[in-house]
Each structure stands twice: as C-alpha cells, then as structure tokens.
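Presented below is the structure to which this report refers.
All heavy atoms count here, side chains included; hydrogens, waters and symmetry mates do not. Chain naming here is simple, since letters A, B, ... match the order of the sequence lines and numbering starts at 1 in each.
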Protein chains: 2
Amino acid sequence: MARAPRQADIAAAAGVSQTTVSLILSGNTDGMRLAESTRLRVLKAAETLGYVPDPVATRLASSRNHMIGVYTFASAFPTAVDGFYYPILAGIEEEAAALGQDLILFTGTGGLGARADDKTAIRRTRIADGCLFFGRHVPEEPIDWLLGGGFPLVYIGRRDELAGRIPYVGVDYVAASAAVVNRLVEAGHREIRYLRSLDDALSSTDRERGVLTAAASAGLPVRRIVVRAADAEVGALGSEVRELVERWRGEGVTAVVVEETDTGSLSAALLDAVHDIRVPAELSLAVLGQPAGHPELSGFEVPRRELGRQAVRLLVDQITSSSTGDPEQMLLDCIPITGSTIGQAPC
Amino acid sequence: MARAPRQADIAAAAGVSQTTVSLILSGNTDGMRLAESTRLRVLKAAETLGYVPDPVATRLASSRNHMIGVYTFASAFPTAVDGFYYPILAGIEEEAAALGQDLILFTGTGGLGARADDKTAIRRTRIADGCLFFGRHVPEEPIDWLLGGGFPLVYIGRRDELAGRIPYVGVDYVAASAAVVNRLVEAGHREIRYLRSLDDALSSTDRERGVLTAAASAGLPVRRIVVRAADAEVGALGSEVRELVERWRGEGVTAVVVEETDTGSLSAALLDAVHDIRVPAELSLAVLGQPAGHPELSGFEVPRRELGRQAVRLLVDQITSSSTGDPEQMLLDCIPITGSTIGQAPC
DNA sequence: CTGAAAGCGCTTACAG
DNA sequence: CTGAAAGCGCTTACAG
C-alpha cells in the first residue's frame with residue numbers, strides 16, 4: 001500500500017507550504033495571522049489523507065517525546081516476587097497514563113542482542129525524556145554520567161550513594177518500624193525478638209534502625225537475630241526459624257518482629273514456625289511490611305502503588321521544570337496495619 | 001554540562017568524517033577496506049566521549065530501533081487481575097530481553113496529556129519497530145491502517161476480525177476444553193454442567209465449542225449455564241452460583257466444568273459454593289484455565305508466559321524478515337492439569 | 001580507503 | 001499572512 005502521508009503531502013493537497021502545515025497541526029499559531037479558511041483547508045486535507053505525525057521525527061526535531069523509561073536491574077517481572085513489584089509497576093503505569101507519558105521498559109540487554117553491560121544499557125535510557133530506576137544496586141559510573149548530563153532520573157527506594165545526589169522516592173521505614181515496636185511496648189511486651197535477613201539494603205538497615213531506636217528509648221534491649229533468609233534454601237531456612245522460635249519460647253519471649261523481604265521467605269518461614277502456637281495469646285507477631293494475602297498480620301504495609309505514582313510525578317516534574325536545584329528526594333509514610341496478631345503481653 | 005556526544009564529535013576527535021564513524025560503529029564495514037588503526041582510533045574516541053547512538057535518529061534514518069511496543073487496551077497492570085496478565089508480561093519481557101529488544105508500553109493516552117482516542121494512540125505505536133496488542137477489543141480501523149502500512153504487529157489471543165488478516169498467538173482452547181470433557185466422560189460422568197460467563201470473547205466461545213463438541217461426540221447433552229460473571233456484583237454472583245449448585249445436586253449432576261475468566265470471579269464463586277461438598281467424592285470439578293493458587297483443581301492451565309514469549313518471537317520474525325506472506329497465526333497447547341478434583345462418577 | 005551529499009519527517013527561527 | 005532554509009543525528013547510495 002501507499003506510504004504513510006506526511007506533512008508535505010498535506011501541503012501539496014492544500015496548496016500551502018509544509019511549514020504552514022506543521023504550524024497549523026501543532027496548534028502553534030499564536031504569533032501568526034492565519035486565514036481561518038486556510039486552517040480549515042489544511043485540517044481537512046490532513047483528515048482526508050489520514051495523516052498521523054511521525055513520532056520519531058517529532059522527537060528528533062523537538063527533543064521531547066513524552067516517554068519515560070523504567071530501568072530495572074534484573075527483570076521488571078520477576079516470577080518469584082510478583083506481589084512485591086507488581087503494585088509498583090501498576091502505580092507507575094497509572095500515573096504515567098494520567099500524565100500522558102508512554103513507558104519504555106529497558107530490558108537491560110541494551111537492544112543490541114549482545115550481552116551489554118549495565119553501562120551501555122543505562123546510557124540507552126537517554127532515548128526517553130527521563131528514567132525511573134529500581135533495584136538494590138546503584139552502578140555509580142553510568143548513573144553519575146546521566147546525572148552529570150542533566151538527564152532527569154528518579155530512583156525508587158532511598159539511596160545515599162553519589163554523595164546524596166540521587167533523586168529518589170523512598171519509604172520511611174525508620175518511623176514505621178519504630179511505631180510497630182512502640183505498639184508492642186504499649187501492649188506490655190518486654191521480651192521482643194527482631195528477626196531480619198542478612199541484607200545490607202537500606203530498606204533493611206532502615207527498618208533495623210527504627211526497631212532498635214524505639215526499643216532503646218523504651219529501655220528495652222531488643223535482641224536482633226539475623227538469618228540468612230535470602231540465600232538459604234527454603235527447607236533450611238524453615239528449620240532454622242523453627243529452632244529459633246522454640247528457643248525463644250523457652251526464653252519467655254512474648255513478641256516477634258519480622259522484616260519482610262521481597263521474596264517473603266522470611267515471614268513465610270516464621271508463619272510456618274508458629275503454626276502450632278496460639279497467636280496472639282501466646283505470642284504476638286508483627287511484620288515490617290505486610291506480605292500479600294495476610295491481612296491478619298499486624299504491622300505496616302509498604303505503599304507500593306503510591307511509590308510508583310510519586311516516582312513518576314517527581315520525574316515528570318524534573319523533566320518539565322528542568323530545574324537544576326537540589327535533588328528531589330522524598331520518603332513516603334507506610335500504612336499502619338492493626339491486624340490481629342498483636343495482643344497484650346501475657347502477665 | 002555539555003550535550004551528549006554525537007558521531008560528528010567522534011569524527012572530529014578521530015580526524016575522520018562522520019560517515020566513517022557511522023560505518024565503523026555500525027560494523028557495516030564489509031565492503032570497505034579500512035585501516036585497523038582508524039577503526040581503533042574511532043572506537044577509542046567513541047568510548048572516551050561516552051558516545052551512545054541516539055536511537056531516535058537511528059530509527060528515523062534506518063527505520064529500526066530495536067524497540068517493540070506493547071499496547072494494552074486498558075491498563076497493562078490491572079489490579080484486579082494480577083495473576084492473569086502478569087505472566088504474559090513476564091514472558092514478553094523475558095523473550096524481548098533475550099532478543100535484545102526494549103519494550104515500549106503504550107499507555108493509551110497518546111502521550112499528549114489529552115484523552116486521545118484509540119485511533120491516535122494506536123497509530124503512535126509506529127514509533128517502535130513493531131507492536132504487540134492485547135485486549136478483547138480490536139479497533140478495526142487503526143489496526144487495519146497499521147496492517148495496510150506493513151507495520152509488524154501481533155495480537156495476543158486468537159482474532160478473526162479483518163478477514164483473518166491479523167497475526168496472533170492464541171491458545172487452543174477448543175482442544176484443551178474437549179480434553180477435559182473427555183476425561184470426565186472416561187471417569188464415568190454423564191450428568192455434567194458447564195458454567196460459563198456472559199462473554200463473547202473468542203477465548204470464551206472457543207472453550208464452549210470444545211466442551212460442546214466433546215460432549216456431543218460422547219453422546220452426552222451437556223447443559224450450558226451462563227451466568228453474568230463479569231458484570232455481577234461479587235455477592236450476587238456468589239448466591240447465584242450457590243443456588244445453581246444446589247439445584248444441580250437435586251438433578252443428579254456429578255461433574256461441573258467451569259470457565260476461568262480474567263478476574264477469576266466465576267471459579268471463585270463455584271469453589272465457594274461447593275465448600276460443604278466433598279470433592280471429588282460427591283462432585284467432580286474441572287476448570288478450563290487454572291486460577292492462581294489452586295494447583296488442586298483438575299483441568300488445564302493456560303500457558304501464559306509462553307504466550308508472551310511466542311508473541312515476541314513472532315513479532316521479531318515479522319520485523320526482521322519483513323515477509324509479506326500470510327499472516328502468522330499460531331495456537332499454543334494448554335498444559336493439562338491432573339489435579340485432584342476429578343474422580344470416578346458415583347454409581 | 002574515505003568523504004560530501006542527500007534524505008528520513010518533523011520543528012523552529014528567520015525573512016519577507 | 002506564508003514560505004525557504006537550517007537543523008535534529010543518524011544511514012545510505014554515490015563518488016572519488
């Protein structure tokens with residue numbers, strides 16, 4: 001079939017120049033006196049020919065394409081942790097649609113078929129007007145390169161690399177975790193254990209900071225127990241946690257606080273381990289981040305969808321204002337979950 | 001800071017022409033005798049300057065940018081039906097990464113902030129090398145327009161619109177559904193009910209065709225019961241299905257086949273309705289498409305991840321071969337699930 | 001062995 | 001009121 005019509009075709013049909021067509025179609029007619037009849041003639045011709053602007057050419061000429069990138073360091077759709085990432089992506093898409101932005105998912109291979117390194121792949125994000133990054137890992141060189149070039153970017157999750165120059169939308173895990181411990185203290189718990197995974201991500205260390213700070217100001221030495229959740233085989237992790245719980249019961253522990261990780265394996269192991277224990281009568285349980293499908297668990301929920309939405313807003317702000325001020329960094333509050341697994345401490 | 005380097009900058013740095021840079025970087029040096037030293041000098045300069053080809057310009061000049069679009073008619077990340085779409089998207093991403101393609105998610109608003117119609121939004125997909133479409137809806141005009149222009153596209157899900165000219169990757173629901181009924185027949189069931197939603201999508205009518213055909217060839221009049229699953233309020237649907245099940249028990253029904261829809265509301269309602277019934281001793285159950293989290297249900301599973309993967313392969317095939325032959329259309333087999341909800345019919 | 005030139009389809013000063 | 005021209009950053013004949 002015939003090739004797609006372009007502005008030149010419309011110009012020929014309407015008897016004007018291609019420039020005039022561009023001006024009229026873009027609505028950019030402010031400064032010009034234009035015969036209304038000409039305008040209508042051009043619009044009619046465009047309609048008749050079925051004209052659609054070529055977005056590639058538009059972008060090349062105008063350097064805005066209303067596309068924002070999403071770069072994930074692993075897979076954007078990891079199978080093991082569906083419930084974790086999906087709401088974030090959903091929030092990103094929702095807000096992007098609301099702001100009229102298309103999304104480019106960078107798969108990390110760099111579109112070259114070859115196994116490109118992060119460096120090349122990350123640089124490719126420049127095709128978009130700006131980019132969202134997420135993943136635990138900050139490859140400093142290419143991110144610094146983008147930042148230095150004034151390329152708008154926003155990380156999802158708090159970041160302190162590159163001297164704090166990375167814009168991000170994170171979660172206030174410190175406050176939320178402290179609040180959970182306070183709640184336990186108010187319910188009379190004094191022997192509390194905090195179960196966390198072997199993980200140095202800020203989302204983990206921030207939680208720990210909140211727990212330990214709250215415990216300290218309540219004059220309470222919370223014991224921190226680290227298990228190698230992420231690495232452990234499921235079976236091994238399960239029996240490790242079961243032994244822990246058994247020991248704690250002997251030690252008079254009345255409450256356990258557990259960190260939720262992206263895979264949910266640690267909280268799952270704990271839930272399994274307390275299967276025969278009456279919760280909260282015999283033992284209170286609190287999660288720092290609620291796993292999907294467990295609305296009964298007391299603690300807090302991570303505002304994942306909102307995280308995605310806010311990240312898009314921040315990014316689009318950056319793009320449209322092109323401000324070179326301080327990096328935009330913000331923390332979102334978690335959603336407190338009352339649940340039914342925190343009870344009064346047994347006397 | 002300085003603008004992004006382009007080929008001209010490399011050319012200046014290496015003391016060659018921009019053409020030579022383009023040739024060397026694209027690896028398009030077959031027909032030319034090129035001093036290895038020049039080649040290295042250019043590559044070095046590109047590396048030093050941190051050159052990244054502008055994909056927009058590349059695309060405008062060469063009509064390839066290693067990006068494939070994903071156009072969904074609603075949201076790509078609908079909240080209600082996570083389990084349904086997620087594996088398809090995961091498959092798309094996986095295969096796209098394997099083939100070195102980035103993904104553009106078209107949000108459907110057309111990138112203009114304004115509420116653009118499908119027509120405009122769909123035409124925008126032309127920015128990519130090709131596009132995957134999914135959704136129950138085929139807006140014939142813009143799709144025809146893309147097809148007519150030779151734009152590579154693949155639908156996810158079987159389509160018969162536009163005189164069968166739409167390339168797709170679908171699922172062989174007819175065969176899979178027939179197999180389920182055959183299995184019930186072999187287990188001695190004669191009074192079977194088929195529960196389906198009020199839905200005219202091919203994925204629904206194909207299932208029905210399989211069920212009815214298999215029943216007919218077994219000499220068995222399967223009663224087809226249509227409930228308005230999709231539209232019904234959850235409560236209303238629940239009680240409607242509960243009444244049905246009660247009636248069926250009085251009629252001596254020994255097996256129920258239920259269609260799985262994207263929201264899963266119908267199978268959920270059925271599971272709830274048979275809560276007090278011993279399955280499969282008193283009643284056998286089969287699902288035409290297994291809902292997440294119910295590995296015990298007999299029937300088949302839709303190969304969703306594979307659907308995404310194959311769609312990408314077909315699309316990339318189209319893009320790279322630019323064949324103008326018959327539309328590529330393929331059906332994937334479902335995965336039979338033995339499960340534990342089909343038993344021998346009570347005598 | 002390498003470069004000057006045209007062209008992809010637009011936008012945007014600039015000139016009448 | 002409208003158009004000729006340059007330019008966005010590439011690729012691709014074509015010419016030496």
Side-chain angles (χ1 to χ4, degrees), chain A residues 2-12 14-42 45-46 49-66 111-112 123-124 126-127 129 149, chain B residues 2-42 45-46 49-67 111-112 123-124 126-127 129 149-151:
Chain A
R3 46 191 316 306
R6 38 190 156 154
Q7 291 184 349
D9 301 325
I10 300 175
V16 297
S17 76
Q18 181 255 324
T19 303
T20 305
V21 173
S22 170
L23 259 19
I24 289 175
L25 292 180
S26 69
N28 220 347
T29 51
D30 282 0
M32 61 194 293
R33 286 157 305 175
L34 184 62
E36 183 62 10
S37 65
T38 309
R39 216 178 71 81
L40 291 180
R41 197 150 29 92
V42 167
L49 293 173
Y51 172 76
V52 189
D54 182 332
V56 178
T58 305
R59 159 75 171 161
L60 183 59
S62 73
S63 67
R64 271 285 174 73
N65 61 6
H66 301 283
L112 293 170
R123 289 177 167 185
R124 266 182 63 79
R126 276 209 340 228
I127 190 184
D129 292 343
Chain B
R3 48 195 310 310
R6 37 189 157 157
Q7 290 185 350
D9 300 325
I10 300 177
V16 298
S17 77
Q18 181 256 324
T19 305
T20 305
V21 173
S22 169
L23 259 18
I24 289 175
L25 292 180
S26 69
N28 221 347
T29 52
D30 282 1
M32 61 194 292
R33 287 157 306 173
L34 185 60
E36 184 61 11
S37 64
T38 309
R39 214 178 71 83
L40 291 179
R41 195 150 31 91
V42 167
L49 294 173
Y51 173 75
V52 188
D54 181 331
V56 178
T58 306
R59 162 84 172 151
L60 183 59
S62 74
S63 59
R64 272 290 171 68
N65 62 4
H66 300 284
M67 299 196 148
L112 294 172
R123 289 178 166 183
R124 266 182 62 80
R126 275 208 343 224
I127 193 179
D129 291 344
F151 183 75

What pattern of brackets, bars and dots sums up DNA chain D from 5' to 3', given Watson-Crick or G-U wobble pairs under 3.5 Å, [ ] for crossing pairs and | for another strand? |||.||||||||.|||
Looking at OG of B/Ser22 and CZ of B/Arg6, how far apart are the two atoms once the value is rounded to the nearest 0.5 Å? 14.5 Å
Look up atom CD in A/Gln7 and atom CG in A/Leu49, then write down how far apart they are to the nearest 0.5 Å. 12.0 Å
Of all the heavy-atom pairs spanning B/Gly50 and B/Pro5, show the shortest one and how long it is. O-CG, 3.8 Å
Can you name the residues that form a side chain to side chain donor-acceptor pair (under 3.5 Å) with A/Ser17, not counting sequence neighbours? A/Thr20
Once base and sugar-phosphate atoms are separated, protein heavy atoms under 4.0 Å mark nucleotides 8-14 of chain D, 5' to 3', with B, S and - as BBBBBB-
Supply the atom-to-atom distance B/Met67 CE to B/Thr58 OG1, rounded to the nearest 0.5 angstrom. 10.0 Å
So how far is it from B/Ile24 CD1 to B/Arg41 CZ, rounded to the nearest 0.5 Å? 8.5 Å
If the cut-off is 4.0 Å, is B/Thr20 near the phosphate of C/dT2, judged by side-chain N/O to OP1 or OP2? no
Between C/dA13 and D/dC1, how far is it from one P atom to the other, in whole Å? 23 Å
Let me see the working for B/Tyr51 and B/Leu25 under side chain to side chain contact (heavy atoms under 4.5 Å, CB included), right down to the final yes or no. CA-CA 10 Å; B/Tyr51 173 75; B/Leu25 292 180; 3.4 Å; yes
